Every structure is written in structure tokens, then in C-alpha cells.
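A note on names: the letters A, B, ... follow the listed sequences, proteins ahead of strands, and every chain is numbered from 1. Everything quoted here is computed from the prediction, not taken from an experiment. For the numbers below, each heavy atom of this structure counts, side chains included, while hydrogens, waters and symmetry mates do not.
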Number of protein chains: 2
Amino acid sequence: MSTLTEPEKKILDAAKKVFETQGYTGSRMQQIADEAGISKASLHYYFRSKENLFEHIFDETMSDFMELVSTWNDDSEHWENKLRHFIVQFFDLLKTKSLLFLIGEINRNPELLLSRRKKTKPKAKFISYFENLQETGKMKPSNMYVIFIFMHSLCAYPILNARMFQLSTGMNNHDFEVFMNNYPETVADLLINALKKGLK
Amino acid sequence: MSTLTEPEKKILDAAKKVFETQGYTGSRMQQIADEAGISKASLHYYFRSKENLFEHIFDETMSDFMELVSTWNDDSEHWENKLRHFIVQFFDLLKTKSLLFLIGEINRNPELLLSRRKKTKPKAKFISYFENLQETGKMKPSNMYVIFIFMHSLCAYPILNARMFQLSTGMNNHDFEVFMNNYPETVADLLINALKKGLK
DNA sequence: AAACGGTTTGACCAAATGGTCAACAAATGT
DNA sequence: ACATTTGTTGACCATTTGGTCAAACCGTTT
């Protein structure tokens with residue numbers, strides 16, 4: 001467990017903010033230093049290079065996301081309520097994470113995924129939980145890879161692309177906000193119905 | 001209709017390629033010039049500035065996307081087949097368009113959406129087609145905004161985030177390719193079933 | 001109070017980058 | 001043939017940017 005000093009925390013917070021909004025190529029070391037309230041020289045004192053600082057941020061954000069994706073508490077609740085709660089919570093967490101940052105940087109440099117491969121296997125818990133239910137006859141068989149991707153897509157994309165959706169649908173701010181508040185429940189309904197019926 | 005000269009086409013092709021992979025801040029005028037096979041000075045002769053060149057590319061990509069989103073031919077086919085064909089075609093087209101570029105640049109500079117607002121109303125055709133069917137009792141009522149967003153999310157996100165999905169699910173290249181080939185049909189099934197049943 | 005180690009920073013540097021310009025080449029008009 | 005416009009480029013410029021460094025700063029130890 002790495003114990004971060006106070007200035008290191010300040011720097012990482014600042015860097016995260018800047019990298020997430022501007023991307024690697026758009027971020028400036030001076031801007032990060034300003035945001036952290038220190039000099040650019042100090043910034044280099046703590047983190048040798050831009051690349052080095054970026055790696056810290058990317059790795060942290062990536063593992064945050066992987067953890068989010070792989071979290072699945074196997075309590076005794078019925079799968080239907082479990083899935084519904086999970087989706088609502090998942091949607092909320094996605095709003096606070098900069099998924100676009102991850103996808104954009106990976107697109108710019110695909111090696112980011114290969115080199116820093118994490119030991120976590122996000123598939124495991126979520127998918128195997130449902131596959132287990134299906135194998136024991138407690139649920140109709142469905143392709144859980146499909147459900148996994150459906151759930152992620154339905155939760156993540158409207159957040160990534162919110163601005164264009166609002167433009168496309170022509171909704172005003174208030175209507176769109178109301179719409180997005182109800183949205184996770186709608187997603188849950190769809191997926192639960194698909195699972196009840198059995199998909200593909 | 002703007003008639004583009006030969007060198008202008010070459011430049012725009014090169015710029016598109018570079019901007020789409022590197023983003024605005026990551027792109028270099030020299031790289032675009034090299035890609036187009038001309039000198040950097042010539043590049044500036046045709047397009048005064050990086051900003052100017054970027055606007056051409058962004059506007060073109062944006063209107064391509066908006067056109068794609070708003071296309072909906074109202075022939076006599078049954079809505080079920082119509083939707084299925086549309087989704088398969090939509091998915092294919094999305095693979096060729098750099099949606100990530102659009103989303104990323106809009107995120108970097110939200111004013112891109114406001115200033116260059118297009119007259120197209122993408123909502124219109126797709127949504128009103130189905131709302132019309134519902135009003136005339138030929139289909140159970142559904143919230144077509146939801147269907148609209150579901151369809152986009154299910155088609156776009158797996159393409160945007162393909163690399164991370166492959167990593168998450170642990171599939172090898174071949175399995176993942178097969179999976180993605182069948183995927184659009186699965187999306188169509190889900191949405192058609194939802195519409196048959198009536199959603200929300 | 002002197003010495004020491006960790007921290008901070010203004011000044012500075014080399015390279016990269018968007019952009020300009022004079023000169024030259026290739027069409028085009030007369 | 002000559003002049004005029006249009007296209008092309010190497011050389012150059014001002015600014016930006018990541019990174020360095022010696023000097024100063026500050027709390028602790030001796």
C-alpha cells in the first residue's frame with residue numbers, strides 16, 4: 001500500500017482533473033502545477049516526467065474502473081432486485097468516473113491496455129453468478145456475455161454522449177434531466193425482462 | 001455544393017485520418033502535410049490555420065454522423081424487418097465513422113455543438129415513424145426516446161469500447177470476432193421484443 | 001549556531017510547433 | 001513571347017513546452 005504525502009496527493013488530484021478534461025496531448029505541465037498550487041519545477045521534483053505522471057493517473061483510473069466493473073456482492077437477495085440495485089448504483093458511479101478519458105487514451109495508444117494488464121478478471125463475478133443460476137435451473141439460459149455488454153452499453157453510452165443525445169432528441173434541460181433520472185430503472189426493466197425470457 | 005479541388009481533397013483526407021486518431025491537440029500540421037504528400041507551407045496555403053482545417057473536418061464528420069442518425073426511409077416494409085435491417089446497417093456504418101473523435105472533441109470543447117448547430121432534426125424520422133404507428137394502434141405504445149437511446153447505445157458503445165470489452169470478457173480474437181458478427185441481430189431481437197411488448 | 005537533508009522555485013535551455021514569406025515554378029490569359 | 005495569376009516550398013520566426021539546475025528555504029540534529 002503506497003502512502004502518499006500531502007503534496008503528492010495535491011498533485012495527483014490536479015493532474016487527474018487536467019488529464020481527464022484535456023487528455024494527455026492537450027494537458028500542460030504548467031497547468032497541472034498551477035492547479036496544484038506549486039511551481040512547475042516542484043512538479044518535476046515529485047514526478048520526473050509528464051509520461052510518468054500520466055501513468056500514475058491512467059493506472060489509477062483504469063483500476064478504479066476495473067474494480068467498478070468487477071464488483072458484485074453475492075448476498076442472498078433475489079437476482080432480480082440485485083441486478084436492479086446494481087444497475088442504479090453502476091449508473092451513478094459511471095457519472096463520477098471519466099470513462100471517456102480511458103477510452104480516448106486507449107484509442108490513442110492501444111499499448112496502454114497490453115502493458116498494464118491487471119490481474120482482475122471483471123467477467124468472473126457478474127457473469128459467473130448468473131451462469132450459476134442458469135446451470136442450477138433457477139433462471140432461463142441467456143448468453144451472459146451479451147447481457148454484460150448490453151448493461152455496460154446502456155449505462156455508459158448515454159453518459160458519454162449526453163450532449164449529443166440532448167441535441168438529437170431536442171429535449172430542453174429540464175426534460176432531459178428528468179428523463180435521465182428515470183433512465184436507470186428503465187434499463188433495469190429491459191434487462192430483467194430479457195433475462196426472464198432468456199436471451200439468445 | 002462545394003466543389004473541392006484535387007489537392008483540397010487530399011489534404012482533407014489526410015487531416016481526417018490524423019485528427020481522428022490523434023485528436024486536435026495531438027495532431028501536428030507537419031504530420032498532416034506528410035500524409036497528404038505536400039509541404040507544410042502548402043498546407044497553410046489551402047487552409048489558413050490548424051483551427052480552420054479542424055473545423056472543416058469536424059463539421060464534415062458531424063454532419064455525416066447526423067445524417068446517419070437521421071436517415072430512415074419510409075418504405076412499405078413491416079416495421080419489424082425495417083428496424084432489423086436498419087440496425088444491421090447502422091452498426092456497419094458506425095464502424096466506419098469516428099464517433100469517438102466527435103465525442104472526445106465535444107467533451108474538450110462543448111461549444112463545438114452550440115456554434116455549429118445543424119438544421120437536421122435527427123429525432124424526427126425515426127421517432128415519429130414509430131410514434132405514428134403507435135398512435136394508429138398498429139403497435140403497443142412505447143417511449144420512443146428510450147428506444148432511440150437504447151438503439152444508439154447498444155450499437156455504438158461496443159464499437160467505441162471494443163478493446164476493453166475483449167479484455168473484460170477474456171475472449172480471444174476469434175471468439176470476439178464471431179461474437180461481434182452476431183451481435184447486431186441480437187440487438188435487433190432485443191429491441192423488437194421490447195417494442196412488441198411495449199416499453200415504459 | 002553550524003551543518004545537514006529534504007523541499008521549493010526563478011531562471012534557463014533545447015526541441016517542437018504553428019505560422020509566415022520571399023523566391024521560384026507552373027499554368028493561364030493576351 | 002510576355003505578363004499575370006496561381007501554386008509550391010525551403011528557410012525562417014516567435015512562442016510554447018517539457019525538462020534542468022543552482023541557489024535559496026526550512027525544519028531537525030548536533
Open item on the list: Under 4.0 Å from OP1 or OP2 of D:dG18: is there any side-chain N or O of A:R28 that close?
Closed with: yes
- [ ] Ignoring the backbone of A:A41, work out which of D:dT9, D:dT20, C:dT8 is nearest its side chain.
- [x] D:dT20
Open item on the list: It should be established whether A:Y45 places a side-chain nitrogen or oxygen under 4.0 Å from OP1 or OP2 of nucleotide C:dT8.
Closed with: no
Task: B:D13/B:K10 ion pair, N-O < 4.0 Å - done: no
Task: Separation of atom CE in A:M29 from atom C1' in D:dT20, rounded to whole Å - done: 13 Å
- [ ] Report yes or no: do A:E105 and A:N109 form a side-chain donor-acceptor pair below 3.5 Å?
- [x] no
Open item on the list: What is the distance, to the nearest angstrom, from the NZ atom on A:K50 to the P atom on C:dA15?
Closed with: 19 Å
Open item on the list: Could you tell me how far apart B:R48 (CZ) and C:dC21 (P) are, to the nearest whole angstrom?
Closed with: 13 Å
Task: Side-chain donor/acceptor contact of B:K40 with base of C:dG19 under 3.5 Å - done: yes
TODO: Could you check B:Q22, B:K17, B:K16 and say which one makes a side chain to side chain contact (heavy atoms under 4.5 Å, CB included) with B:E20?
DONE: B:K16
TODO: Nearest whole angstrom, please: distance from the P of C:dT7 to the CD of A:E6.
DONE: 13 Å
Open item on the list: Taking ring pair (Phe, Tyr, Trp, His ring centres under 6.0 Å) as the criterion, tell me which of A:F126, A:W79, A:F90 meets it with A:W72.
Closed with: A:F126
Task: Rounded distance (Å) that lies between atom C1' of C:dT7 and atom CD of A:E8 - done: 12 Å
Open item on the list: Could you tell me how far apart B:I32 (CD1) and C:dG19 (C1') are, to the nearest whole angstrom?
Closed with: 14 Å
Task: Separation of C:dG19 P from B:L43 CG (nearest whole Å) - done: 9 Å
Open item on the list: Nearest whole Å is fine: how far is C:dG10 P from A:Q30 CD?
Closed with: 10 Å
Open item on the list: Considering every strand and a 4.0 Å limit on heavy-atom distances, what is the contact class for A:S27: base, sugar-phosphate, or nothing?
Closed with: sugar-phosphate
TODO: Taking only the side-chain nitrogens and oxygens of A:S49, find out if one of them lies under 4.0 Å from OP1 or OP2 of D:dG18.
DONE: no
Task: Of the listed nucleotides C:dT7, D:dG19, C:dG18, the one nearest the side chain of A:Y46 - done: C:dT7
Open item on the list: Can you identify which nucleotide, out of C:dT20, D:dG19, C:dT9, has its nearest atom closest to the B:H44 side chain?
Closed with: C:dT20
Task: B:N173 side chain to B:E177 side chain, donor-acceptor N/O pair below 3.5 angstrom - done: no
